[in-house]
Amino acid sequence: MQKVGLILEGGAQRGVFTSGALDYLMELNYWFPYVIGVSCGACNAVDYVAKQIGRTKDCIITTEKAYRSISFKNVVKNRSLFDMDLIFEKFPNQYIPFDYNTYFSSEIRCELVAINCLTGKATYFEERRSKSRVMNICRASSSMPIFAPMVYVDGVPYLDGGMADSIPIVHSMQNGYRKNVIILTKPKGYRKKFSPAEARVVRTMYRNYPNLVNSILTRPQVYNRTMDLIEDLERRGHVFVIRPNGIDIHKAERNVEKLTAFYNHGYEQMEECFEKMKEYVDLDKNKRNDCGGSK
C-alpha cells in the first residue's frame, strides 16, 4: 500500500462505531501503514495495530457490572466519569489483555494525540517500548477536561487530544500522507457548540493553565473549521470518509443495545464502503470519496 493515513476521531462511547469499522478491516487482514488516533480513537488505534479483533468492543460493551467503565460513583471517588484505572490498567493487563508484543513489533506507524496542558498544543506520541507508557499515553489522550484529572507523561500534564487536534488531517498531510481515510464518529453536518456555562467551569477549573483554557474555549471553532476542510476535501476526492449515517449515541451511553447497534453500524458502513475505499487507496483517481450520510 502506498503512503496512506488512517485517521480516527474520538468521541468516548461513540468510538464503538470505529471499532466496528476496524474489526471489519482486521477480519480481511487489511492494514494501513500509518494510523493516528485521538481520545477513544487512540484506544482503537492501538488495538488495530495490535491486530486484536473485538477488543475495543469488549472494553466498551459489557453486561458485567465489574467491567462497566462509566459510573457516577467514579466522579465522587476519582473525579472522573470513566473508571480510567479499569480501562487502562485492569483491562489491558488482566481482564481483556492487550497484545503488547504484536503492537511493539508492528511495522505500522502509530501516533496518539494528547493536549499539553502547559502549552495548550497537541503532542503526537509514538511509543514502542514501554507497556506502562503506551497505556498512560492512551489514558492521557482519553481524559476529557472536567470529567477526568490530568495525566502526567514524562512529568508533563496532559488531557484529551481532541481539545487541540480532534481530527488530525492537517498533521497527517504535513507528514507526507497525501491520501487519508478518516473514520468519524458523528453524522455528516455535525458542528460543535460551546455554552457559557461550560466556559465558566473551564475558566475556574483550569485558571492556572491559561493556554489550556484558550484551547478548550476555541475548540468548537477549530473543530468546525476542520470539518469544513474535510468536507471540502471530500468533494474534491482528496480524502475518503466513513461516518455514521443517520444514527448517533451519547458520548456517555451505557445502554448495551444502543452500543451494540452503533458497533454493528460501524461494521456495516465499512463493509458497504470497502470496495470504494480500496479504489480510492489503490488508484489515482480524482473523484468524490465519502461514505455515510451522503446518499
For residues 195-204, run the donor-acceptor check on the side chains, cut-off 3.5 Å, and write out each pair with its distance to 0.1 Å, sequence neighbours left out.
residue: Ser195; atom: OG; partner: Glu198; partner atom: N; Å: 3.1
residue: Ser195; atom: OG; partner: Glu198; partner atom: OE1; Å: 3.2
residue: Glu198; atom: OE1; partner: Ser195; partner atom: N; Å: 3.1
residue: Thr204; atom: OG1; partner: Arg200; partner atom: O; Å: 2.9

request  = Just do the side chain to side chain contact (heavy atoms under 4.5 Å, CB included) check on Ile115 and Leu212 with the steps written out, would you?
outcome  = CA-CA 8 Å; Ile115 186 171; Leu212 175 65; 3.8 Å; yes
request  = State yes or no: do Tyr124 and Val222 share one hydrophobic cluster built from I, L, V, M, F, W and Y residues joined by side-chain heavy-atom distances below 4.5 Å, directly or via other members?
outcome  = no
Where at least one partner belongs to residues 140-152, residue pairs that pass salt bridge (charged side-chain N to carboxylate O under 4.0 Å, His left out), sequence neighbours excluded = none
message = Suppose we screen for salt bridge (charged side-chain N to carboxylate O under 4.0 Å, His left out). Which residues come up paired with Lys186, at least two apart in sequence or across chains?
response = Glu9
task = Please round to the nearest 0.5 Å and tell me the distance separating atom CG of Leu229 and atom CG of Asn224.
result = 12.5 Å
query = With Asp228, which residues qualify under salt bridge (charged side-chain N to carboxylate O under 4.0 Å, His left out), at least two apart?
reply = Arg191
request  = Measure across Tyr280 and Gly237 and return the closest heavy-atom pair with its distance rounded to 0.1 Å.
outcome  = CE1-O, 3.7 Å
query = Yes or no on side chain to side chain contact (heavy atoms under 4.5 Å, CB included) for Tyr48 and Leu6, after CA distance, side-chain angles and deciding distance?
reply = CA-CA 11 Å; Tyr48 175 76; Leu6 175 62; 4.1 Å; yes
query = Looking only at heavy atoms, which two atoms of Ile87 and Pro92 are closest? And how far apart?
reply = O-CD, 3.1 Å
ask   = For His265 and Asn245, which heavy atoms make the closest approach, and how far apart are they?
value = NE2-N, 2.9 Å
query = Side chains of Val239 and Glu234: does their closest heavy-atom pair fall under 4.5 Å?
reply = yes
inquiry  = Atom CD of residue position Glu107 - does it have more than 12 heavy atoms of other residues, nucleotides or ligands inside 6.0 Å?
reply    = no
ask   = Relative to each other, are the rings of Tyr267 and Tyr24 parallel, tilted or perpendicular (30° and 60° limits)?
value = perpendicular
inquiry  = Show every salt bridge (charged side-chain N to carboxylate O under 4.0 Å, His left out) that has at least one partner inside residues 10-26, sequence neighbours left out.
reply    = Arg14-Asp248
request  = Search all heavy atoms of Ile7 against all heavy atoms of Ser172 and return the closest pair with its distance.
outcome  = CD1-CB, 3.9 Å
query = With side chains defined as the heavy atoms from C-beta onward, is the minimum distance between Glu111 and Glu126 less than 4.5 Å?
reply = yes
query = Taking atom types as modelled and ignoring hydrogens, do the side chains of Tyr103 and Gln52 form a donor-acceptor contact shorter than 3.5 angstrom?
reply = no
task = May I ask you to establish whether Lys90 and Tyr95 are in a cation-pi arrangement, using a distance under 6.0 Å from NZ or CZ to the six-membered ring centre and at most 45° from the ring axis?
result = no
task = Any chance you could lay out the side chain to side chain contact (heavy atoms under 4.5 Å, CB included) test for Phe32 and Tyr177, step after step, and finish with the verdict?
result = CA-CA 11 Å; Phe32 285 80; Tyr177 299 92; over 6 Å; no
request  = Determine whether Thr18 and Cys40 make a side-chain contact, defined as any pair of heavy atoms from C-beta on separated by less than 4.5 Å.
outcome  = no
message = Checking Leu112 against Ile36 for the side chain to side chain contact (heavy atoms under 4.5 Å, CB included) test, could you report, in this order, the C-alpha distance in whole Å, the side-chain angles of both residues, the deciding distance, and whether it holds?
response = CA-CA 6 Å; Leu112 312 171; Ile36 182 167; over 6 Å; no
message = Applying salt bridge (charged side-chain N to carboxylate O under 4.0 Å, His left out), can you list everything that pairs with Glu89, at least two apart in sequence or on another chain?
response = Arg139
ask   = Where do Arg235 and Asp232 land on the salt bridge (Lys or Arg N to Asp or Glu O under 4.0 Å) test, with the steps shown first?
value = CA-CA 5 Å; Arg235 286 189 292 270; Asp232 178 62; 3.8 Å; yes
key: Heavy-atom side-chain proximity of Asn180 to Ile169 below 4.5 angstrom   = yes
note = In short, ring-ring contact (aromatic ring centres under 6.0 Å, His included) pairs touching residues 201-220 with sequence neighbours left out are none
remark   = Residue set satisfying ring pair (Phe, Tyr, Trp, His ring centres under 6.0 Å) with Tyr158, at least two apart, ordered chain then number -> Phe125
ask   = Do Lys3 and Tyr34 meet the cation-pi criteria used here (NZ or CZ under 6.0 Å from the six-membered ring centre, within 45° of the axis)?
value = no
query = Applying salt bridge (charged side-chain N to carboxylate O under 4.0 Å, His left out), which residue pairs with at least one partner in residues 141-165 are found, sequence neighbours left out?
reply = Arg133-Asp154
key: Phe262: partners by ring pair (Phe, Tyr, Trp, His ring centres under 6.0 Å), with sequence neighbours left out   = Phe17
note = Applied to residues 213-226, the salt bridge (charged side-chain N to carboxylate O under 4.0 Å, His left out) test, sequence neighbours excluded, yields none
remark   = Contacts of Arg178 meeting salt bridge (charged side-chain N to carboxylate O under 4.0 Å, His left out) (sequence neighbours excluded), chain-then-number -> none
ask   = Does the side chain of Met163 reach to within under 4.5 Å of the side chain of Pro145, using non-hydrogen atoms?
value = yes
